[in-house]
Amino acid sequence: MTIKCPGCNNETMRMFDFHGQEVDSCTECGGIWFDSGELNGALSTADNGNNNVGIESSLGEHQGVSLRQCSHCQCSMQHYFLMDDFQVEVDVCHSCTGVWIDEHEREKVLQSPQIRAALEQLNQKTNVKTWLFQFLLQMPLEYNLKTKSKPWVTYGLLALNIIIFFAYGYSDPATVWVFDNFAMQASLVMQGQQVLPLLSHMFLHGDIIHLLGNMYFLYVVGDNLEDALGHSRFLAVYLLCGFAAVFAQIASDPTSTVYMVGASGAIAGLFGMYLLWFRHASLTFMFVVFQKKLSPMAFFAIWLLINIVGVWFAEGGVAYWAHIGGFIAGLIIGIALKQRVMSSNPMLAMLNSPEVKVSR
């Protein structure tokens, strides 16, 4: 039987095998018609992490009457979101329960079981344990995808920073010697007397609180970024952000004799990439006793505001310009690499699509 395309009214439809189901596809617009049960069958066979999909009976919110006509019943179809949190629109016939999807929606629908599983991770609710953790430590909690690979570089950076600190941090003479030889001083760099400290300062910290704060944030954002970039590229951009941070600090006060130490500038660069690539993630923010999940953009806007205020009032002891310089470098790198990263991480790209709605 010849059927008409619901998408473009073309009368030339072809049958082909779509993950084990004989479906009809338009030769003009590329949309696909699924008879009742065929969409569930195709999605259950496809490599998407679920072999028992029942999405046809659990569609998202009804969006009203569609302008399209059912290929078989010739009656008006109905608009639905595929899922409430994944607002890809599909057309459904209430008479024969057939489903129509447009060509540009094909891959998103095909991978919708993975999207559903990812959203279950991302939409987890805060609870008493998370509240207590953040109230006591005043550190944010991350809600994000589990990584596909072990973040060995992140673990290595954590270990290296911790080992170095404990090698000198509880001995005053050792601390003085380490800072004299490996901490960065802008005035000495400008005089050509320092080269190695441009690198070595990133692995030194002033005290245990400084160390723990930096290492915690490295742990929070590092694993996902390393998973997206790959081990060697992640290390390269980490160091590049650290160099951008130190040069920003030097430019802000080239005559300074104050020691600059810490991984904060490099980690600030990771922040910049993280908020560009992981907008679906959430970070908790504690205001007195009220815990709230925020988007990375909102969370880091607060962080950036704190740094700008610090620069404005020129509070001593904190390299605010290094934070800002590293952050800007991370944004630039994030923009430059975004297309490549999304191409090599299809699920990450899909989660960055406007159809995905994360609960916060």
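Numbers here are sequence positions counted from 1. All figures in this text were calculated on a predicted structure; none of them were measured in a lab. The analysis underlying the following values was restricted to heavy atoms, covering all of them including side chains, and did not include hydrogens, waters or symmetry mates.
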Side-chain donor-acceptor contact under 3.5 Å, [X] with [Y]:
X: Asp180; Y: Tyr259; answer: yes
X: Ser282; Y: Arg360; answer: yes
X: Ser149; Y: Asp227; answer: yes
X: Ser187; Y: Gln185; answer: no

**OP:** Look only at the side chain of Glu226 and the backbone of Thr154, and say whether a donor-acceptor pair between them is shorter than 3.5 Å.
**Re:** yes
**OP:** Determine yes or no for a side-chain-to-main-chain donor-acceptor pair under 3.5 angstrom, with Asn161 supplying the side chain and Leu211 the backbone.
**Re:**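 No, because the side chain of Asn161 does not come within donor-acceptor range (under 3.5 Å) of the backbone of Leu211.
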Centroid separation under 6.0 Å, is that true for the rings of [Y] and [X]?
X: Tyr168; Y: Phe165; result: yes
X: Phe34; Y: Phe18; result: yes
X: Phe299; Y: Phe271; result: no

Original post:
Atom CG of Asn345 and atom CG of Leu229: how far apart are they, to the nearest 0.5 Å?
Top reply: 8.5 Å
**OP:** Please collect all salt bridge (Lys or Arg N to Asp or Glu O under 4.0 Å) contacts where either partner lies in residues 61-76, sequence neighbours excluded, each pair once.
**Re:** Arg68-Asp91, Arg68-Asp102
**OP:** Look at the side-chain heavy atoms of Ile, Leu, Val, Met, Phe, Trp and Tyr, link any pair under 4.5 Å apart, and say whether Met350 and Phe81 land in one connected group.
**Re:** no
**OP:** Work out which heavy atom in Cys8 is nearest to a heavy atom in Cys26; give both atom names and the distance.
**Re:**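 For Cys8 and Cys26, the tightest heavy-atom pair comes out as SG-SG, 3.5 Å.
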Subject >> Inter- and intrachain pairs under ring-ring contact (aromatic ring centres under 6.0 Å, His included), touching residues 184-214, at least two apart >> reply: His205-His210
Original post:
Please walk me through it: do Gln291 and Phe135 pass side-chain contact (heavy atoms from CB on, under 4.5 Å)?
Top reply: CA-CA 9 Å; Gln291 188 184 41; Phe135 179 75; over 6 Å; no
Original post:
Are Asp223 and Tyr155 close enough, and set up right, to give a side chain to side chain donor-acceptor pair (under 3.5 Å), and what steps lead you there?
Top reply: CA-CA 9 Å; Asp223 57 346; Tyr155 291 162; over 6 Å; no
